[in-house]
Asker: 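This structure is in C-alpha cells; I'll ask about it shortly.
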2 protein chains.
Amino acid sequence: MTAAFYQNETKFYVAVDCIILGFDQKELNVLLYKRKFEPMMGQWSLMGGFIKAGESIEEAASRVLTDCTGIDNLFMEQVGAYGDITRDLGERVISVAYYSLVNMNDFSSETLEEYNAVWAKVSEVPQLIFDHNQMITDTLARLRRKAATRPVGFNLLPEKFTLPQLQNLYEAIYQTQLDKRNFRKKLNAMDILEKLDEKDKKGSKRGAFYYMFNKEKYDHLLEQGFYFSL
Amino acid sequence: MTAAFYQNETKFYVAVDCIILGFDQKELNVLLYKRKFEPMMGQWSLMGGFIKAGESIEEAASRVLTDCTGIDNLFMEQVGAYGDITRDLGERVISVAYYSLVNMNDFSSETLEEYNAVWAKVSEVPQLIFDHNQMITDTLARLRRKAATRPVGFNLLPEKFTLPQLQNLYEAIYQTQLDKRNFRKKLNAMDILEKLDEKDKKGSKRGAFYYMFNKEKYDHLLEQGFYFSL
DNA sequence: CCAAAAGTGTTCGAACTACACCCATGT
DNA sequence: ACATGGGTGTAGTTCGAACACTTTTGG
C-alpha cells in the first residue's frame with residue numbers, strides 16, 4: 001500500500017459521457033438513451049458511466065462505448081472535462097466527454113431497442129439531462145475542426161461508400177453546400193481513395209461507383225509531408 | 001441533504017494543472033515550479049492544485065492561476081483531462097490541464113523567487129513529474145491551432161507592442177520564418193490594430209512603432225462575418 | 001421517353017509567395 | 001560613416017470559387 005499523500009483533499013465521482021455520432025445519408029445523428037436510474041430516470045441523455053477504480057479515463061470511455069454499441073475499437077477522442085458544481089442534480093459529479101464516430105448501419109434496431117436508444121438528428125436533439133446538450137454542441141465544433149484536416153469522416157461511412165455519400169457527409173458536418181466538381185477534384189488530387197468496379201444502385205438509377213479509403217496510401221503520403229484538407 | 005444516489009461508485013482525487021505560457025521576444029516560455037510536497041518533492045513540475053468541494057474545475061484552475069501569479073482574469077482554456085491510472089506516483093489522481101497566456105513582464109523576479117518558479121524555454125523544458133511534459137506538448141499543439149484563427153496571441157504581449165515583436169511571436173508559435181512584408185500586409189488588411197505615435201527604441205536605433213490590439217474593432221468585424229487568420 | 005442522380009473541365013479572381021531596397025538613428 | 005533593425009510594393013503563381021451540360025438507366 002502506498003502512503004496516503006493527499007488524504008486532506010476531497011474526492012469526487014468522475015464519469016464519462018459518450019457522444020456517439022452517426023450519419024444517415026443526409027444528416028448527422030447522435031445516439032440518445034433513456035436514463036435507467038435516478039436522478040432524472042426516464043429522461044433523454046447521452047450514454048455514460050462512472051469511472052471505476054482500476055481503469056483510466058480512456059478505458060472507461062472505451063468500456064462504455066463497447067457496452068452500449070457492442071462494437072470494439074471505435075474511433076474516439078476526448079472532448080473535455082465538465083465540472084460545474086451543480087451539473088449533476090444527484091451529487092457532485094465531474095464528467096469527461098468523449099465523442100465517437102460510427103457507422104449507423106452497424107446498429108440493428110434490436111440493439112437499439114435493447115438499450116432504449118434512439119438516433120436523433122443533431123438538428124433536432126431534445127432537451128437532455130444536465131449539460132449533455134452542451135457536450136453535443138462542443139463535440140460538433142470539434143468535429144468540424146478535426147474533419148477539415150484529418151480523414152476522420154470515413155469512420156461515419158460504411159467501408160465502401162460513394163462520392164455523393166461522402167460529399168453529403170461533409171455538407172452535413174460543415175452545414176453548407178459544396179460544389180460537386182470542386183469536391184471531386186480535390187479528392188482526386190489527394191489520391192487517398194480506391195475506386196471499386198462495383199456500383200451502388202440504391203441512390204439512383206445510374207448508380208454511383210463505390211470507393212474505399214486507402215489508409216496505407218494516406219499514411220505513406222503523410223510521411224512525405226502531405227496534409228489532408230477538405 | 002440530497003440522497004446519495006451514487007454511493008456504490010468510486011471517488012477520485014481531481015486536480016488541475018496550469019500550463020502558463022509567456023513570450024520573451026524570441027521564444028515561448030513555460031512557468032515551472034519546484035514541487036513543495038511529496039511525492040516527487042523538489043522536482044520540476046507545472047503548478048497545480050486539487051479541486052475543492054465547493055468549486056468547479058474552472059474555478060479551481062482560476063484560483064491556482066491567481067494564487068501563483070498574483071494576477072486575475074488571465075486568458076485560460078482547458079486542454080483536457082489526464083487520467084492514466086499510474087500518472088501520479090502518490091495516489092490515483094485525475095488531472096484537468098488548463099493553459100494560460102500571460103505577459104512575462106507582469107512577473108517580477110521577486111514573485112518568481114517567492115514561488116520557486118522559473119521560466120523555461122519550451123524548447124528546453126527539463127523532465128517534469130508525471131505526465132506534465134505531455135501536457136505541455138498538447139498545449140503547444142492546441143495553441144498553434146487556436147492562434148491561427150483567434151487573436152489570442154496578444155495575451156502574450158504587453159498592451160503596447162511592435163510589429164516585429166508580434167511577428168517574432170507568431171514565428172515562435174509556428175516554429176517557422178515569416179516574410180515581414182506579407183505578415184504586415186495581412187495585419188493591415190485585417191484592420192484590428194491601432195497604431196500609436198510612440199516608438200519602442202529598445203529593439204533598434206530607429207525604433208519601431210507601438211501598436212495596440214483594438215478589441216472593439218475586432219468584435220465589430222466578427223459580427224460582420226470577418227475571420228481572424230494569421 | 002423521361003425523371004433523377006452521376007459524372008466531367010474551364011475560366012476567373014483572390015490570396016499567397018517570393019523578393020530587394022531605402023530609412024532612421026545611436027554609437 | 002556605418003551598422004542595425006524598421007519599414008515598404010510588385011509580379012508571378014497557385015488555389016479556390018463559380019459555372020452547365022452529357023450520361024445512364026429504372027420505371
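To find a chain, count down the sequence lines: A is the first, B the second, and so on, and within it residues start at 1. Only a predicted model underlies this, so the values are computations on that prediction, with no experimental measurement involved.
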Asker: So, does Arg184(A) get its side chain near the phosphate of dG7(C), meaning an N or O under 4.0 Å from OP1 or OP2?
Answerer: yes
Asker: Hey, are the side chains of Thr69(B) and Ser100(B) touching, using non-hydrogen atoms and a 4.5 Å cut-off?
Answerer: no
Asker: Please report the distance, rounded to the nearest Å, between CZ in Phe183(B) and P in dT8(D).
Answerer: 14 Å
Asker: Assess whether a salt bridge exists between Arg142(B) and Asp138(B), defined as any Lys/Arg side-chain N lying under 4.0 Å from an Asp/Glu carboxylate O.
Answerer: no
Asker: Of the listed nucleotides (dT25(D), dA5(C), dG26(C)), which one gets closest to any side-chain atom of Lys205(B)?
Answerer: dG26(C)
Asker: Expressed as a whole number of angstroms, how long is the span from Leu187(A):CG to dG16(D):P?
Answerer: 12 Å
Asker: Using atom CE of Met190(A) as one end and atom C1' of dG16(D) as the other, report the distance to the nearest whole Å.
Answerer: 14 Å
Asker: Taking atom CD as the centre, does Gln167(B) end up with more than 12 heavy-atom neighbours from other residues, nucleotides or ligands that are less than 6.0 angstrom away?
Answerer: yes
Asker: Measuring to OP1 and OP2 of dG26(D), would you say a side-chain N or O of Lys201(A) lies under 4.0 angstrom away?
Answerer: yes
Asker: NZ of Lys202(B) versus P of dG26(C): gap in Å, rounded?
Answerer: 14 Å
Asker: Measure from the side chain of Arg206(B), starting at C-beta and using heavy atoms only, and say which of dA4(C), dG7(D), dC19(C) lies closest.
Answerer: dG7(D)
Asker: Whole Å only: how far is the CZ atom of Arg181(B) from the P atom of dG5(D)?
Answerer: 18 Å
Asker: Can a donor-acceptor pair under 3.5 Å be found between the side-chain atoms of Asp179(A) and the base atoms of dC19(D)?
Answerer: yes
Asker: Between Asp200(A) (CG) and dT25(D) (C1'), how many Å, whole number?
Answerer: 14 Å
Asker: For Ala208(A) and for Asn182(B), find the nucleotide of DNA chain C with the closest heavy atom, then tell me which residue's nucleotide is more 5'.
Answerer: Ala208(A)
Asker: Assign the ring pair His132(B) / Phe130(B) to parallel, tilted or perpendicular, where the plane angle (0 to 90°) is split at 30° and 60°.
Answerer: perpendicular
Asker: Anything under 30° is parallel, anything over 60° is perpendicular, the rest tilted; go ahead and classify Phe213(B) against Tyr218(B).
Answerer: tilted
Asker: Using whole Å, report how far NZ of Lys185(B) lies from P of dA15(C).
Answerer: 11 Å
Asker: Can you figure out which of dT8(C), dC16(C), dA4(C) approaches the side chain of Lys180(A) most closely?
Answerer: dT8(C)
Asker: Of the nucleotides dG7(D), dA4(C), dA18(C), which has the atom closest to the Pro164(B) side chain?
Answerer: dG7(D)
Asker: Rounded to the Å, how far apart are Lys195(A) NZ and dT8(C) C1'?
Answerer: 11 Å
